[in-house]
Amino acid sequence: MSFLTEWITNIIVFVLLATVIDMLLPSSSMQKYVKIVTGLLLITIILTPLLKLLTSDVDTVIDSFRISGASQNNSVENLIEMKKKEIQASQRAYILEQMAVQMKQEAEKELMEKSGKVINKVNIAASDLENIPDSITEVTVYLSEKKEEQAIEAVRHVEIDTGDKTRPEKTVENMSLVTSLLAEKWNLSPEKIIIAEGGT
């Protein structure tokens, strides 16, 4: 496109210049020769693109068109491939999310009855979506204590004991019970299940 604008600009400038020269020359026999020369120069300026095409190698011109077409095809293919990967990634995330919701619903009631724990959230990591559940590498389960709904009672007298008592920590047995329960419910090996607190 820049070549075309340059070519038209050259023609316009030359015609203006030829007109000015024609006006400046006195009426004489010289004017006839000047008009012939300016006409020939104008013809050569008009034919410049054709002359460039004839002097350049036709094979290189065709190859340049092919290269630009091939590069455009490659960029379109790359764009399509990127979009395809984005769609597959979002599809994979959706499948894992739906599977996590389903796993949570399956184990929630029994886990609450047996251990008094509530599942807040389940995160699944899998290496191959085509081969689930065998491809599941890890399931992270976020638990919290079951909240008892109670009516509001009157404030009781509170005594604060400043003695050195440590808070009871959650036992390893309780966590292994939860892990084995979830592993049995989901048909997974207990090593793939990670128990964590919170996750809301």
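These numbers come from the heavy atoms of this one structure, side chains and all, not from hydrogens, waters or symmetry mates.
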Can you tell me how far the [atom1] atom of [X] sits from the [atom2] atom of [Y], to the nearest 0.5 Å?
X: I136; Y: W186; atom1: CD1; atom2: CH2; answer: 9.5 Å
X: K83; Y: L79; atom1: NZ; atom2: CG; answer: 6.5 Å
X: L17; Y: T38; atom1: CG; atom2: OG1; answer: 9.5 Å
X: T140; Y: I194; atom1: OG1; atom2: CD1; answer: 4.5 Å
X: L177; Y: I195; atom1: CG; atom2: CD1; answer: 10.0 Å
X: E97; Y: I95; atom1: CD; atom2: CD1; answer: 11.5 Å

Non-hydrogen atoms of [X] and [Y] that approach each other most closely:
X: N123; Y: Y142; result: ND2-CE1, 3.6 Å
X: A107; Y: L182; result: CB-CD2, 3.6 Å
X: M103; Y: L188; result: CE-CD1, 4.1 Å

Grouping I, L, V, M, F, W and Y whenever their side-chain heavy atoms are under 4.5 Å apart, do [X] and [Y] come out in a common cluster?
X: I8; Y: V15; result: yes
X: M23; Y: L16; result: no
X: L96; Y: I87; result: no
X: L41; Y: V13; result: no
X: I45; Y: I12; result: yes

If you link I, L, V, M, F, W and Y whenever their side-chain heavy atoms are under 4.5 Å apart, who else ends up in the same group as V20? L24

Give the other cluster members for M82, using side-chain heavy-atom distances under 4.5 Å between Ile, Leu, Val, Met, Phe, Trp and Tyr residues; answer none if it is isolated. none

Counting C-beta onward and ignoring hydrogens, is there a side-chain heavy-atom pair between [X] and [Y] closer than 4.5 Å?
X: K192; Y: V139; result: no
X: L42; Y: I11; result: yes
X: T44; Y: T48; result: no
X: L143; Y: V141; result: yes

Q31 CD: over 12 foreign heavy atoms closer than 6.0 Å: yes

Around atom CD of Q88, are there more than 12 heavy atoms from other residues, nucleotides or ligands closer than 6.0 Å? yes

Examine distances only and state if a side-chain atom of T179 and a backbone atom of P190 form a donor-acceptor pair shorter than 3.5 Å. no

